[in-house]
Amino acid sequence: MTAPTESTPQAIVGRRRIVPALRGHGGASWHRWRYPLTRRTPLLIETDYNRTTLAAERRILNPRPVLWTVALLILSFAPPLFGDNSFVAASTNFAMYSAINVIWMLTIGTAGIFSLASLATVGVGAFGTAYLSVYFGFPFWAMWLVGPLFGLVFGIFIAVPAIRLEGFYYALLTVGIAELCRVYVIQSKTLGAAAYGLFGADGFVPKGMPEHEGLVIGYYAAFVLLLLALTLYRAINGQRLGRLLRAAPEKHEAFAEALGINYRLARIQVFLISSAALGGVGGFYATLLHGASPSLFTMDQLLLLLAMIVIGGIGTTEGAVLGTLIVTLFDKVFIDLGPVRLILIAGIMLITVLFLRGGIFGIPDQFAAWRAKRQSERRGLQSGKGGEIMPEDAIEIADKQSIAVRRFDARLKEELRGLISDALIEEHRTTHGKRRSDPLERVLTFFRRQAVADKYAILAVKAFAEYRIVALSGRRGVPPRVVDDQVFATPEDALHGVFVKRVQDLMES
Amino acid sequence: MDPYYLALTTVTLAAIYGLLALGISIIWSSLGMINLAQGFTFAVSGYGAWLVAQYLSNNGVAVVAGGVLTGALTGALIGGIAFIPLYDKPNFPLRSLIATLGISLFGGQCLLWIFGPRVKALPKIFGYGNIHIGPAVASYDKIGSIVCSAILLLLTLGWMKSSRRGLEIRAMMQNPEGAALVGVGLRSTAMAVMMVTGAMAGLASVLLSQTYFISPFAGVTPLVKGMVVALAGGLGSVAGALIAAVLIGFIEAITAVSLGGQYVLITQFLFIIAILLVRPRGIAGMIEHTRE
């Protein structure tokens, strides 16, 4: 067996999807990986034989799980191994904010509630657990357990208006709620108004540990948090609740309701689940930083969070993680730039929203749509090529032979049309069973070569008395159909009738 | 509790909130865009007025004119970035909302970069002193704020009622597509709307800066308040915005007097949430279908 596709075409014309071909298949190609306890397969593998080399090959049609695995593997060892202390701290931030964004995506994407109070929910969880730890001595694991409760209670509070309000009304209200929390925290003495934050909470890093090791433990804890968030996203979005809500997108709610889907209940459920999860992240935040600061509620932090999901693309987890990566890179790693780095982030966000429909991960779709538009424009300019196939159509036809056949047929018909004349038809009528001229033989050869489907034939209704023209169906068991009500007395007349019909067809095509 | 003081504070706050809320409301109803960069316009106008006071003249009229002009220019800038390229693209409302948020992040950081984090103060354009109206005592600040914003509000409303451009704006509020069909230029009208509302925010900025300082992020609180007032009044309704401004100004004044300043936002929000639960479109809001 030779290597399947050594000569992958470099210059791509048209709408070809490039999927790298893997070598060979066999018994292994029938094996499917499955997610535990489900029948879902992570990878869709197509097996085929190369048309040119006849080598067996496999293609992975959805590379997403592979890319996710690779990315998470890199994240699992690279930052602590290769980075210095500040880089590890930035990576911890990245993992935590990715978790927040992934959970936020449940609210915005799955539930379709445009809430901007995600960071406020995290802040409520952080301040609540920090308060319990500072004033009641809760240990870190208890803070992790209590955090979701705070998130849930806050979620219930802000879910009340969500039942009635729609879209942007709710978005604006949540911005206001975040500001309300900020002002309350800044003015409250128990929540550390004087110290600009409530600090002194318990942490999960053992005391007396060297700084680097402590940071690495923090990073791995945040990484596990990210994995949990991704699992939660999959469990909600890919399972029953997510399916229900996918049937009830914006402006199609009435349809979903008619199907018996209680989409309001499903939305509120998803909203409360994600609020509780965000509260849990808040508890983690408080144990990581030993407290909470009011900056969680500021408009600027909210805008940074929004920039993360907008840059990556609203509605997908990979968009959330990639956007977080880009923004964290600018915000924490290029910290020497000062305010310029935030200006850069805002610039990227503006460019993304002005030019891209769905963030970075929406680029392939947008590009495909743009190219399809350009193609149809070009096709509109090249009309009137009589049955021939345009190059951009040609790539979608698997059997390239048929393209040549159609082109040959089109040119042959063009030539034969020039041969047809009244004299030729008269010659056909009078020369039955005799030698015929070259033009007539050419026309007849072309007619005889036609495929069986829809080919004309002669039906003897009464032998030597009544003949009619029928068209063959071309399919076994399906009888021919009568073409018209002409009746011929002799087989010769019927043959000439068929010829005239074929000439008509040729001239009309 | 002094009822005259309460009334005066209510009217002062209502005048300033009305300026901010009316801007957001008009933009939403005519352009279909939620302008969350109004806070940025507010901050820039403050700096514009400060630059005029610093380098040109300390005259009150000049300072106000500087703020209003800067506000109008910033409004035009926002319209040029967030409305003109996006308004015929798919998913316009969400993308323009995010674009205005991006502008406010971008602009706030630029202001921080250029002017530094230290706050600036405007000169007292209305002078110091009090005036007695019957039994009530009012400072020049408050009287000046009320008079200035009342003048600008009346001018704007009169302009929208009687001028050709105002007619075009009202046509665009009712049916943007129909307005375009009968020859109203969407782009030029949108820019006019953005400039007028920017000027309103600029004036509000100069007036509020008599009490507060100018800083790169000074616009956040006025933006949030203007936004919730517009929300409570009903996005797209001029009368609703004014009613809501008076109501919320009153709530703020009475809370500050009876409970204390730190509870202002809480009572305001409870009030607004209560309004929105009863009337999800606000006090006098348009029904969504009308705009589409």
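Residue numbers begin at 1 in each chain, while the letters A, B, ... track the order of the sequences.
Within the 4.5 angstrom heavy-atom criterion, no atom of B:Ser96 approaches chain A. Heavy atoms closer than 4.5 Å to chain B are found nowhere in A:Ile309, neither backbone nor side chain. Looking at A:Leu350, only its side chain comes within 4.5 Å of chain B, counting heavy atoms on both sides. When heavy atoms are compared at a cutoff of 4.5 Å, A:Ile343 approaches chain B by way of both its backbone and its side chain. Looking at B:Ile266, the atoms closer than 4.5 Å to chain A (heavy atoms on both sides) sit in the backbone and in the side chain alike. Of the two parts of B:Ile103, the backbone and the side chain both hold a non-hydrogen atom closer than 4.5 Å to a non-hydrogen atom of chain A. Interface remark: B:Leu86 contributes side-chain atoms only to the contact with chain A (heavy atom separation under 4.5 Å). When heavy atoms are compared at a cutoff of 4.5 Å, A:Val340 approaches chain B solely by way of its side chain, counted from C-beta outward. Only the side chain of A:Ile314 comes within less than 4.5 Å of a heavy atom in chain B; its backbone stays farther off. Looking at B:Ile273, the atoms closer than 4.5 Å to chain A (heavy atoms on both sides) all sit in the side chain, from C-beta outward. The part of A:Phe355 that comes within reach of chain B is its backbone (N, CA, C, O), which places non-hydrogen atoms under 4.5 angstrom from that chain.
Residues B:Gln109 and A:Asp300 have side chains in contact (heavy-atom distance under 4.5 Å, counting atoms from C-beta outward). The shortest side-chain heavy-atom distance between B:Ile272 and A:Leu173 falls under the 4.5 Å cut-off. Within the 4.5 Å cutoff, no side-chain heavy atoms of A:Val175 are placed close to those of B:Val228. Contact of the A:Thr298 side chain with the B:Phe217 side chain is not registered, since no non-hydrogen atoms from C-beta on lie closer than 4.5 Å. Counting only heavy atoms from C-beta outward, the side chains of B:Asn91 and A:Arg357 never approach each other to under 4.5 Å. By the 4.5 Å heavy-atom criterion applied to side chains, B:Ile81 and A:Leu354 are counted as neighbours.
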Would B:Leu101 and A:Leu306 count as a side-chain contact (heavy atoms from CB on, under 4.5 Å) here? Give the steps.
CA-CA 9 Å; B:Leu101 282 173; A:Leu306 193 70; 3.2 Å; yes
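The two residues A:Glu179 and B:Thr221 have their closest heavy-atom pair at OE2-OG1, 3.5 Å. Closest approach of B:Gly102 to A:Ala346, counting heavy atoms only: O-CB, 3.9 Å. Nearest approach of B:Leu223 to A:Met299, heavy atoms of both residues: CD2-CE, 3.8 Å.
Contacts with chain A (heavy atom to heavy atom, under 4.5 Å) involve no residue of residues 15-25 of chain B.
When B:Ala99, B:Gly108, B:Pro85 are compared by the number of non-hydrogen pairs under 4.5 Å with chain A, B:Ala99 comes out ahead. Ranked by non-hydrogen atom pairs under 4.5 Å with chain A, the options B:Ile34, B:Val224, B:Leu231 are led by B:Leu231.
In this structure, the separation between CG on B:Leu94 and CZ on A:Phe114 is 4.5 Å, given to the nearest 0.5 Å.
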